[in-house]
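The figures here come from the full heavy-atom set of this structure, side chains too, leaving out hydrogens, waters and symmetry mates. When a ligand or atom number is given, it counts from 1 through the structure's own listing order.
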Amino acid sequence: METDYEQVLGDAETALDQVDAALGRLADGSYGVCATCGERIADERLAAEPTTEACGQHAV
Ligand SMILES: [Zn+2]
């Protein structure tokens, strides 16, 4: 199957947006806090998925 570069680049763009958003949260001090419940996100979870904005319980 031929690679759908538009799809690949679209995914990369989404990932970039997520990194951007994570950096923004890092700057305003809300990084590592669940956007849903406000609890600290576990370090292991952040290590595995640094751009996540939800704790394990509220991850989609
Ligand atoms: Zn949560």
Euclidean distance, His58 NE2 relative to Cys37 SG, rounded to 0.5 Å: 5.0 Å

Heavy-atom side-chain contact between Asp43 and Arg40 under 4.5 Å: yes

Every N, O or S from the protein that is nearer than 2.8 Å to the Zn ion (ligand 1): Cys34 SG, Cys37 SG, Cys55 SG, His58 ND1

Exam field: side chain Thr14 to backbone Gly10, donor-acceptor pair closer than 3.5 Å: yes

Short side-chain to backbone donor-acceptor contact, Arg45 and Thr52, under 3.5 Å: no

Cluster link Val33 to Ile41, ILVMFWY, side chain under 4.5 Å: no

Intermediate values then yes/no, side-chain contact (heavy atoms from CB on, under 4.5 Å), Gln7 and Asp11: CA-CA 6 Å; Gln7 175 69 46; Asp11 289 349; 3.1 Å; yes

